[in-house]
Undergrad: 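For reference, the structure I am asking about is given below.
We count ligands from 1, going down the list as the structure has it; atoms in each ligand are counted the same way.
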Amino acid sequence: MNNSPTLLIHGGAWAMPDDAIEAHEAGIAKAVEAGYALLERGASAVDAVEAAVAVMEDDETFDAGRGSFLTQDGRVQLDALLMNGENLRTGGVACVERLKNPIHAARLVLDHSPHVYFVGTGAERFAMQHGMRLIDNTELIVPRERERLMAFQKAELEGATDTTFSGPLGSHDTVGAVALDCNGHIAAATSTGGTLSKAPGRVGDSSLIGCGCYADDASAAVSLTGWGEPIMKLVLGKWAVDRVAAGVSPEEAAESAIRYLYHRLGGYGGIILLDRHGRFGLAHNTPRMAWGLKTADAMQVGVTRNV
Ligand code: GLY
């Protein structure tokens with residue numbers, strides 16, 4: 001098979017302020033180029049989504065890798081998942097504090113472990129045993145996020161309404177990618193620092209199979225961003241790919257997933273979905289979502305706005 005490859009990525013769905021748009025668009029463009037360059041050279045969809053996500057983890061703009069939101073106690077705790085639609089091989093890590101690129105650790109789990117998911121120090125030890133360098137958690141923290149946490153916690157003490165978990169305005173800047181390679185296989189990857197001021201040890205949807213990420217050649221590849229708890233309760237990634245398996249187009253499945261998220265649990269988020277025919281969909285009910293798409297014929301990078 002010699003398919004024309006496709007890469008679709010997102011850099012978070014939230015109430016992105018005007019002055020953050022340029023950085024998001026630049027980061028998305030860089031990630032799309034990195035991932036698509038691999039697909040053009042015949043690399044696998046798994047390689048492409050890993051590469052695109054790693055670029056966004058390295059970019060402080062996004063809530064993934066360095067620059068992520070901080071936990072209640074001022075640390076960075078990262079979650080990531082990578083899934084290969086060809087054979088359902090999957091690798092996930094959660095609550096890692098000492099890895100610059102958790103998506104690379106997820107790849108190591110996918111490639112080298114009979115297990116699927118590692119957390120905390122066990123995940124860090126596994127990554128180190130497979131060649132990754134452990135860093136100090138402070139290397140993942142940027143001043144912007146210390147200030148954001150302080151402002152958030154001060155507002156909480158003053159009794160301000162917390163919309164981070166309940167409204168469309170909270171920040172959900174998780175990154176993700178879905179790809180179709182020239183052999184007709186699809187893959188998905190998602191990586192996040194989670195939600196602002198999360199309790200230490202909290203794991204969101206992003207790295208849980210079927211919640212924030214899923215891929216199966218028989219249906220579709222999906223990555224979500226948004227308020228993790230409702231997405232997890234609905235197992236929304238699997239819900240969406242099952243719609244595609246049942247014959248719904250990715251475009252309609254993406255839109256109905258976000259409608260379901262809102263109507264069933266009042267959740268907010270964004271979704272990207274791609275099937276093995278290159279048909280794709282994206283949707284969000286947050287004020288904005290950053291995303292990028294590259295195919296043989298087109299490259300689009302943008303921040304869409306809900307009216
Ligand atoms: N979607 C990111 C999180 O809730 O952790």
Side-chain angles (χ1 to χ4, degrees), residues 9-16 24 53 56-57 61-65 67-73 75-83 92-97 99 102-103 106 117 119-120 123 140 145 148-149 152 162-178 188-214 222-240 254 257-258 260-262 265-273 282-291:
I9 73 172
H10 70 76
W14 58 298
M16 194 182 299
H24 278 77
V53 164
M56 291 186 280
E57 287 179 339
T61 303
F62 302 100
D63 178 31
S68 287
F69 294 145
L70 302 184
T71 60
Q72 270 168 10
D73 55 1
R75 296 176 70 78
V76 167
Q77 276 191 347
L78 303 170
D79 310 331
L81 191 88
L82 184 61
M83 188 158 182
V93 296
C95 288
V96 291
E97 298 191 343
L99 297 173
I103 200 66
Y117 201 82
V119 298
L140 297 169
E145 293 308 323
R148 196 197 302 268
L149 181 69
F152 179 87
D162 171 8
T163 57
T164 299
F165 298 101
S166 61
L169 302 182
S171 296
H172 302 295
D173 222 0
T174 296
V175 305
V178 290
T190 309
S191 180
T192 191
T195 46
L196 175 59
S197 196
K198 67 184 178 182
R202 175 263 187 193
V203 176
D205 61 302
S206 306
S207 66
L208 299 184
I209 299 179
C211 297
C213 190
Y214 196 77
V222 66
S223 175
L224 285 113
T225 168
W227 177 20
E229 279 72 9
I231 294 171
M232 291 153 77
K233 288 173 190 167
L234 298 174
V235 197
L236 196 60
K238 186 68 163 61
W239 187 95
I258 295 301
Y260 178 46
L261 175 66
Y262 183 72
L265 289 176
Y268 289 91
I271 183 170
I272 56 174
L273 198 52
L282 63 93
H284 62 104
N285 62 349
T286 48
R288 283 176 164 151
M289 175 159 150
W291 62 276

Undergrad: Show which atoms of ligand 1 fall inside a sub-4.0 Å distance from at least one heavy-atom site of D205.
TA: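 This gives 1 (N), 2 (C), 3 (C), 4 (O) as the contact atoms.
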Undergrad: Between E229 and K198 (salt bridge meaning N to carboxylate O under 4.0 Å), is one present in this structure?
TA: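 Here E229 does not pair with K198 in a salt bridge, since their nearest N and O are not under 4.0 Å apart.
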Undergrad: At a 4.0 Å threshold, what atoms of ligand 1 neighbour a non-hydrogen atom of T192?
TA: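 So the answer, numbered in order with elements, is 2 (C).
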Undergrad: Give the atoms of ligand 1, by number and element, whose distance to some non-hydrogen atom of G204 is under 4.0 Å.
TA: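 The list of qualifying atoms is 5 (O).
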Undergrad: Under 3.5 Å between some N or O of ligand 1 and some N or O of G226?
TA: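 There is such a contact, yes.
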Undergrad: Quick check against the 3.5 Å criterion: does D79 have a side-chain atom that pairs as donor or acceptor with the backbone of G92?
TA: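 No; zero donor-acceptor contacts below 3.5 Å.
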Undergrad: Any non-hydrogen atom of S206 lying under 4.0 Å from ligand 1?
TA: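 Yes.
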Undergrad: Does ligand 1 have any atom that is closer than 4.0 Å to a heavy atom of K198?
TA: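 Distance cut 4.0 Å: K198 fails for ligand 1.
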Undergrad: Roughly how far, to the nearest 0.5 Å, is CG of D173 from CE of M16?
TA: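 If I round to the nearest 0.5 Å, the distance is 6.0 Å.
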Undergrad: Distance only, no hydrogens: is a donor on one side chain within 3.5 Å (strictly under) of an acceptor on the other, for E57 and S191?
TA: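 Note: E57 and S191 side chains meet the donor-acceptor criterion.
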Undergrad: Looking at F62 and M56, what are the two nearest heavy atoms and their distance?
TA: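 The answer is CD1-O, 3.6 Å.
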Undergrad: Testing the basics here: between I103 and L81, what is the closest heavy-atom pair and its distance to 0.1 Å?
TA: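 Minimum heavy-atom separation between I103 and L81: CD1-O, 3.6 Å.
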Undergrad: Minimum heavy-atom separation for T174 and L224, please, with both atom names.
TA: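 Nearest pair, atom of T174 first, then L224: CG2-O, 3.9 Å.
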Undergrad: Report, in ascending order of atom number, the atoms of ligand 1 lying under 4.0 Å from any heavy atom of T174.
TA: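 Those atoms are 1 (N), 2 (C).
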Undergrad: One residue to check: Q77. Relative to ligand 1, which of side chain, backbone, both or neither has a non-hydrogen atom less than 4.0 Å away?
TA: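 Looking at Q77 and ligand 1, no heavy atom falls under 4.0 Å.
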Undergrad: Atoms of ligand 1 less than 4.0 Å from G228 heavy atoms?
TA: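 Near G228, meaning under 4.0 Å from one of its heavy atoms, ligand 1 has 4 (O).
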